[in-house]
2 protein chains.
Amino acid sequence: MQTRSRITMADVAREAGVSTATVSFVLNNTKAVTPAVQARVEAAVQALGYRPSHAAQALRTGRSLALGLIIPDLTNPFFPKLAQDIEQEARTRGYAVLLADSHDDPALQQEHLGTLAQRGVDVLLVVPAVGTDDTLTADVPLIAIDRAAGDTPLVHSDKRQGGQIAAQHLLDLGHREFAVLAGPSRHGGVGERVRGMLGTLERAGVPVRKGRIYESDYSLLAGREGARHLLQTAPGFTALLAANDTLALGALSALTEAGITVPGQVSLVGFDDIPWSALSAPSLTTVRQDTRQMARQAIELALQTVNAPQVAPLPVGTTLTVRGSTAPVTTPGPLPPGPLPDPGHRPLENA
Amino acid sequence: MQTRSRITMADVAREAGVSTATVSFVLNNTKAVTPAVQARVEAAVQALGYRPSHAAQALRTGRSLALGLIIPDLTNPFFPKLAQDIEQEARTRGYAVLLADSHDDPALQQEHLGTLAQRGVDVLLVVPAVGTDDTLTADVPLIAIDRAAGDTPLVHSDKRQGGQIAAQHLLDLGHREFAVLAGPSRHGGVGERVRGMLGTLERAGVPVRKGRIYESDYSLLAGREGARHLLQTAPGFTALLAANDTLALGALSALTEAGITVPGQVSLVGFDDIPWSALSAPSLTTVRQDTRQMARQAIELALQTVNAPQVAPLPVGTTLTVRGSTAPVTTPGPLPPGPLPDPGHRPLENA
DNA sequence: TTGAAAGCGTTACCAT
DNA sequence: ATGGTAACGCTTTCAA
């Protein structure tokens, strides 16, 4: 069936009794054409089952109608959702997505940047790998998503705001003893989310001391280890803020294992609202990022960039999803009074 | 910087003082060339920073060195891992991956099949959407992964075997009262995994009755609902087999919520060994699929198919990862004697 | 061993 | 309103 050689525009032209130019015109309605001719051409296209050659189009126009997407780790549940949304959004605009996974490795990311660019993608969307040195470059326009990289145009949600509402939620519940699972440090500091959290807490008069901040990667395992570590070296916190849901869920498993009840003894807030977060026990209070909106902005910006200079979009807002992992600090269990309202704080021992 | 127009092979040829043909020959070492010339060409390539135009190559050779990958749902944690492995495996062979998500919708899948084929991918790898009617077709060679679709060449792990070892594990622990979360029914029946489970149980003399088999999709939510449903309508089982980890983890949350201890009162086994399974509480005993191996086979088969007729590879083996969610039936809690060794079975009531 | 030149299937300019 | 035709950048046959 599919062994017969390709049907070309010339075939269609012949069948319709017109020139290839005319066929091209009607196909792309790039120039006015008599209704009669139009109909003949369309009929011919139908009859022959003509499909334009993408390669030829790309060669001729210099546009591949493909975009590259470089993700740090498809195994981190936040990214599949993002990738899904980007793919969908791209498709509705006629773009296909070339996917690459950098495994959070800047070197591999660099390789991807090169190969995808050479492959002729019109634009590259990249969620920069964690160790990315500030200069992200390629031979095609670049858009950063979610994480900043130098002055690459960035589409992201307002993570600082997200961190703020997470912290504020816990403050509102009366918590005063905080610990933080910070994820990896970026640019020699802590990420925006955590910055938002810490800033809010400081302004509220309950700064988090260094020993209560655990830096690591974003993995489930890191969440476990981080929670264990915090429990051992700096117990007494009643609220735990995690830089993402993966960390939070890892922490949840460690806490539970250590016999700490959530939210009874420790309230826990995550970030991202990945699917699992709704179904953990307890379900996870978390900051939701609007991946759909991010995807839309990214594609928008990308396509603009392909044609004209771009305008940086506003950060996407985040919202707090309050679920079962957070509770007022006045719940059964040792109640360490906040340092401000009440001195004489007594650490919470595991059990 | 990148505004200067493309460096073509002609530029290189001129710089090296040779013809484009020669340049092509050295670049693809497709024909013998004098070392001297070779060196000159290479130098010119370096000097000019020449990058071949992929579009031109594709047009000329009819090969895009790209493959399409259609995934049913990137949000299901099993697939990102598979996609990652496929992308990696493809890349090492010089292939790029065009990703599409069918959202488990046959219609959308069909659309993808069309667009990707027209986009000129050399071959399409597809994990068929659940409702896929048996005839999966496209204008390019097709490889099915993980799920069968008509007589499309299939790469998959031996799911029946996986189901067998899962069931056998529970039998070995002494369980006799089984329930099954079966996932969606395919081709008017239950999937291979479940078939493997049920077959094994039947052969052991402990057939599972209809009311103990819950069909649904593969989601976390379905796992929850399924477990709840089974608990209400057909309590008394001590062992629960799930068609995948997502279902199992959903079930775990429902069981826990219902006050049923795992593995104390009910042993639970999943399928896939997704990352979360190691970190749930309790951790999940599950059947691991070797995605790496599947990816390798798929790419191998795909590339063969692009050139010559293919030979179907053997199903990839699965292995059981025993973790914390399974225990001998002789654990604290009501002990329903197996029907064969011991009649007079007493159902387990929740609590 | 190297080069000239004919395409691959489109698009788009320039005529008509 | 249409058609002829020259590119687009590469591979590959055929000659030299």
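Letters A, B, ... mirror the listed sequences (proteins, then strands); counts begin at 1. This one's a predicted model, so the numbers in the text were calculated from it and none came from an experiment.
- Classification of B:R40 and B:E15 as a salt-bridged pair fails, no side-chain N sitting under 4.0 Å from a carboxylate O.
- Within the nucleic acid shown, B:G120 has no heavy atom closer than 4.0 Å to any nucleic acid atom.
- Formation of a donor-acceptor pair under 3.5 Å by the B:T115 side chain with backbone atoms of B:E111 is found in this model.
- Nucleotide D:dG3 holds its C1' atom 15 Å from the CZ atom of A:R14, rounded to whole Å.
- Side chain B:K31 to base D:dT12: no donor-acceptor pair is found below 3.5 Å.
- A side-chain donor-acceptor contact under 3.5 Å links B:D101 to the backbone of B:L74.
- A donor-acceptor pair under 3.5 Å links the side-chain atoms of A:S64 to the main chain of A:A66, judged by distance alone.
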At a cut-off of 3.5 Å, list every protein nitrogen or oxygen paired with a nitrogen or oxygen from nucleotides 9-12 of chain C, distance to 0.1 Å.
from	atom 1	to	atom 2	distance (Å)
C:dT10	OP1	A:Y50	OH	2.6
C:dT10	OP1	A:S53	N	3.0
C:dT10	OP2	A:M9	N	2.6
C:dT10	OP2	A:Y50	OH	3.4
C:dT10	O5'	A:Y50	OH	3.0
C:dT11	OP1	A:Q57	OE1	3.3
C:dT11	OP2	A:S24	OG	3.1
C:dT11	O2	A:R60	NH1	2.2

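- In the model, B:Q46 has no side-chain atom that pairs as donor or acceptor with a side-chain atom of B:E42 under 3.5 Å.
- If you take CG of B:N29 and P of D:dT12, they are 13 Å apart, rounded to a whole angstrom.
- The backbone N or O of B:R51 sits less than 3.5 Å from a side-chain atom of B:R6, completing a donor-acceptor pair.
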